[in-house]
Structure formats: C-alpha cells, structure tokens
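Report on the following structure.
Letters A, B, ... mirror the listed sequences (proteins, then strands); counts begin at 1. Side chains are part of it too, since the values below use all heavy atoms of this structure and drop only hydrogens, waters and symmetry mates. Small disclaimer: the values here were computed from a predicted structure and weren't measured.
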2 protein chains.
Amino acid sequence: MSAVRGARERARTEITAAIKDEARRQLADQGAAKLSLRAVARELGMVSSALYRYFPSRDDLLTALIVDAYDAIGDTAETALAGAGAVSARTRWVTVCMAVRGWALARPHEYALIYGSPVPGYTAPSATIGPASRVALALISIAGDAYRSDGLALPPVAPALRPEAERLAADITPDLPPAAAVALAAAWAQLFGLLSFEVFGQFNRVVTDRDAFFERAVENLAESVGLLRRE
Amino acid sequence: MSAVRGARERARTEITAAIKDEARRQLADQGAAKLSLRAVARELGMVSSALYRYFPSRDDLLTALIVDAYDAIGDTAETALAGAGAVSARTRWVTVCMAVRGWALARPHEYALIYGSPVPGYTAPSATIGPASRVALALISIAGDAYRSDGLALPPVAPALRPEAERLAADITPDLPPAAAVALAAAWAQLFGLLSFEVFGQFNRVVTDRDAFFERAVENLAESVGLLRRE
DNA sequence: GTCTATAACGAGATAGAC
DNA sequence: GTCTATCTCGTTATAGAC
C-alpha cells in the first residue's frame with residue numbers, strides 16, 4: 001500500500017517534472033507571455049485537462065517555473081559560496097557573482113523570466129519572495145562575515161537617507177550598520193543590471209571581453225559595500 | 001497638387017501616430033510579445049490589411065515603437081542635461097539620471113520594451129543602435145566635460161582589462177582615458193539595473209523611500225566614473 | 001482516491017473566398 | 001473591405017479506468 005503510494009508519487013513527480021521541462025522549452029522560443037497549457041499538453045501527448053491535476057491553472061505553472069528559476073540561481077550562489085574556501089570576503093563576493101552570471105548566461109530564458117519584464121496579467125504570489133531573495137542573502141552573508149572580522153569601509157549615511165537606511169537594515173541586515181544595508185541593496189540591483197545588459201544583448205557591439213569586464217565590475221561592487229582589498 | 005500632397009502627408013502622419021498610440025496602449029496591457037496588427041486595426045476601426053500601408057509588418061511596428069522609446073528617453077536625458085545650467089558635473093550626472101528614472105517610472109511598459117526581456121522572435125535592426133545610445137552619450141559627455149576641466153579620479157586599469165579598456169575607449173570615448181570608458185560602461189549598465197529593479201517591482205517590500213535611495217545610488221555611480229564631489 | 005479522456009463554453013486569432 | 005469557416009486558448013463538467 002505504501003509501495004503503491006510510492007509508485008504513484010514517483011509517477012506524479014516525474015510527470016510534474018516533464019510538464020515543467022516542456023514548459024521551459026516553450027519559454028525559450030516563445031516567451032513567458034505565450035506559455036500555453038494546451039501546447040505543453042499536446043507536446044507531451046496528454047490532453048489539456050489532464051494538466052490541471054498537476055497545476056490548477058496556467059499561472060500556477062508559471063509560478064512553479066519562476067520559483068524553480070529563483071531556486072536554481074539561489075542554489076548556484078550558495079554552492080559557489082560554500083565551495084569558495086578560505087579566501088577573502090572580496091574574493092568570495094566575486095566568486096558568487098561570477099557563478100550567478102554563469103547561470104544566467106547558460107539559461108537566458110529562465111533569467112528573463114525572473115529578472116526581465118514582468119509577465120503581463122501575471123502577479124507573483126508571495127511564495128516567490130523567499131526563493132527570490134536567496135542570491136541577495138548569499139551576498140549579505142559575505143558582507144556580514146567581513147563586518148564581523150574586519151569591519152566594512154563605508155562612508156556615513158547622508159541625513160536624507162537615514163530613515164530608509166535604518167528601515168532597510170532592520171528588515172534585511174539586522175546585524176549590520178545601516179550604511180551597509182543601503183550599499184548592499186544598491187549593489188544587488190547593480191549586479192543584475194550588469195547581467196541583464198549582457199544577457200539581453202545591450203553590450204553587443206560595446207563590450208567585447210565580457211569576462212574581464214564583468215569581473216572588474218563586480219570587484220567594484222564589492223568595494224562599494226565596504227569589502228576591503230585585503231583582509 | 002502640392003497642397004494635396006501636403007494634406008495627404010499630414011493624414012499619413014496622423015494615422016501613423018494613431019497606430020503607434022494604440023499599439024503602445026496594447027503594449028501596456030498585453031506585452032510586446034502579443035502585439036498584434038489585427039487588434040490594433042480593430043481598435044482603430046480599420047481593417048488589418050490597411051495597416052500594412054503604414055507598417056509593412058508587425059516587426060516594423062515594433063521597431064518604430066522601440067525607436068520612439070529610445071528617442072523619448074534619450075530626449076529626456078539630453079533635455080535634462082541642457083537645462084541643468086552651471087552646476088558641477090556630479091550634479092549634472094545626478095540630474096540626468098533622475099530625469100531618466102522619471103521617464104521610466106512614468107512609462108513602465110515602454111521602458112520594458114527597450115530595457116526588459118527581448119521580444120521572442122524579434123531581432124532589432126541596426127536602426128535602433130543610434131537612438132539606443134543617446135542616454136549613454138549624455139552621460140559620457142558629462143564625464144568628458146569633467147575630464148577636460150578637472151580630470152577624473154579613477155584608479156588605473158588592471159592589466160587583464162587593459163585591451164578591453166583600450167578597445168572600449170577607442171569605440172565610445174576617444175577623448176577620455178581607457179579607465180573612464182570601462183567605468184562609464186559599467187555605470188551605464190548599473191544605472192539601468194537600479195531602474196529595472198524599481199520599475200519591475202524587485203524593490204517591493206525592500207526599498208521604501210525610493211527617491212532618496214536612487215539619488216544616493218546614482219551619486220555613487222558618479223563617483224565610480226571619477227566625478228569629484230566638488231569641482 | 002487518483003488519474004485521463006471527452007466534450008463543451010466563450011473568447012480571440014487566422015486564412016481565404018468573395 | 002467584408003464574411004465565414006476554422007483554428008487557437010484557458011477552463012470546467014462529466015464520465016470512466018485503475
């Protein structure tokens with residue numbers, strides 16, 4: 001009986017994965033806006049109504065793809081961080097950024113799904129919030145380590161930004177000074193700005209040696225959050 | 001006869017504008033991927049085949065919208081720069097960035113069209129290259145002014161980046177040192193990273209006082225391209 | 001209980017004949 | 001420029017196999 005349930009659950013997991021794989025394939029050549037349950041079902045040899053056993057609606061399938069993408073890029077960041085070993089915080093920062101970049105360049109369509117234009121008519125449920133913050137949390141933890149061991153080299157917060165800095169620090173970096181919270185939020189957005197320009201082709205005909213360019217840019221981001229050149 | 005042609009051309013201009021306006025409206029609630037000549041025609045009370053007299057294909061209409069958007073955001077940057085008056089380069093930089101941000105927040109869908117995910121199946125023709133670079137050129141010209149009057153405070157280029165820096169400088173900033181070209185390209189991407197995070201909702205539940213946050217972030221970008229705090 | 005298949009709805013797109 | 005026949009879509013109700 002539990003063996004039966006085991007087999008059923010296995011089948012369910014497999015079919016769910018097959019649906020998502022096929023949906024990702026369609027994402028790549030048609031874009032998220034045109035993702036169609038019927039087309040996915042057709043390609044899998046199923047009937048469209050059968051898909052509703054696995055995803056209650058098209059938006060739920062989209063949500064699953066989005067959560068998977070955030071988890072994949074978050075995993076990439078966390079794995080890179082864990083594997084970085086005993087190097088300086090600055091080097092760990094660069095390593096994590098380069099790993100995130102590697103994922104994005106390898107999966108441009110999934111990257112576009114999470115960091116590109118919002119899908120029209122779709123509003124992300126709160127289930128995406130957690131996975132969406134994993135890359136940021138990895139970067140924050142690097143800054144936290146550096147703060148505790150050597151401190152962070154950051155200018156004081158301007159008076160106009162003081163309330164926001166304190167709110168931000170309370171929300172995302174309770175153990176770090178307010179200046180670090182502001183710098184980290186900006187660096188986080190700027191990292192993905194560099195990435196989006198590369199993935200979306202804005203650097204075509206502009207930047208040629210993108211590896212070197214990107215590495216230098218994320219080193220500057222490390223500096224902007226106060227990570228020292230040598231620990 | 002020339003009066004007739006004048007009237008005809010006027011009508012053509014008006015209809016072309018009406019088509020683009022309606023297309024922009026549809027962009028807002030359906031996204032670029034689903035932009036359909038037929039729907040535009042229907043909404044305008046025309047027949048779809050009539051539209052082909054104004055735009056030979058859906059992609060041509062898309063191109064026109066993209067060029068318009070690049071020109072509008074470029075105009076915004078140039079106008080802000082021209083109206084900034086006799087202030088420091090750093091202040092001009094911030095003014096231009098805030099103006100660009102104002103445009104993006106007011107027209108999120110047009111912003112998404114040019115700085116969001118690429119439209120599946122569409123490849124931008126070379127006619128978009130010029131308009132696409134206007135914001136960057138405005139920022140470059142600020143750095144150029146500062147360089148000529150006070151110089152730019154920039155660290156030397158790392159050896160690994162030297163070839164790219166020189167190529168980049170030759171292409172986009174022939175009058176500036178290679179270090180400035182690299183810094184400007186990075187700041188350019190990072191500016192739009194901040195903007196995309198704000199426009200696309202990534203800052204929801206994270207950054208609250210976005211005006212103050214953004215202004216501080218673009219001041220840091222000014223610093224990253226070597227603009228001094230006081231001229 | 002779990003799943004798939006049939007059929008249908010209302011809406012919209014598309015192709016072609018006229 | 002118009003009309004129509006035929007596609008697509010998301011979604012639901014229902015019936016039956018395992």
Checklist entry - Below 4.5 Å, heavy atoms only, C-beta onward: do A:Leu139 and A:Leu221 meet side chain to side chain? => result no
Checklist entry - Under 4.0 Å: is that the gap between some side-chain N or O of A:Arg42 and OP1 or OP2 of D:dC9? => result yes
Item to check | Electrostatic pair A:Glu166-A:Arg162, nearest N-O below 4.0 angstrom | outcome: yes
Item to check | Mutual orientation of the aromatic rings belonging to B:Phe197 and A:Tyr115 [parallel < 30°, tilted 30-60°, perpendicular > 60°] | outcome: parallel
Checklist outcome for this item: Comparing nearest nucleotides in DNA chain C, the 5'-proximal residue of the pair B:Ala39, A:Met46 is A:Met46
Checklist entry - What are the two closest non-hydrogen atoms of B:Phe213 and A:Val182, and how far apart are they? => result CE1-O, 3.7 Å
Checklist entry - Listed in order of residue number, which residues of residues 48-64 of chain B have a non-hydrogen atom at under 4.0 Å from DNA chain C? => result none
Next on the checklist: Could you tell me how far apart A:Leu37 (CG) and D:dT8 (C1') are, to the nearest whole angstrom?
Outcome noted: 13 Å
Item to check | Pairwise 5' ranking along DNA chain D for B:Val47 and A:Ser36, keeping only the more 5' one | outcome: B:Val47
Checklist outcome for this item: So the contacted stretch of DNA chain C, first to last nucleotide with an atom under 4.0 Å from a non-hydrogen atom of chain A, runs from C:dT2 to C:dA8
Item to check | Value in whole Å for how far the P atom of D:dT8 lies from CG of A:Leu35 | outcome: 17 Å
Checklist entry - Using 30° and 60° as the class limits, which term best fits the ring planes of A:Phe192 and A:Tyr111: parallel, tilted or perpendicular? => result parallel
Checklist entry - In terms of side-chain geometry, is the basic nitrogen of A:Arg12 or A:Glu9 positioned less than 4.0 Å from the acidic oxygen of its partner? => result no
Next on the checklist: Please check if the number of heavy atoms outside B:Arg53 that lie under 6.0 Å from its CZ is greater than 12.
Outcome noted: no
Checklist entry - When you look at A:Asp60 and A:Thr63, which way does the side-chain hydrogen bond (donor to acceptor under 3.5 Å, both in side chains) test go after all the steps? => result CA-CA 5 Å; A:Asp60 287 279; A:Thr63 298; 5.4 Å; no
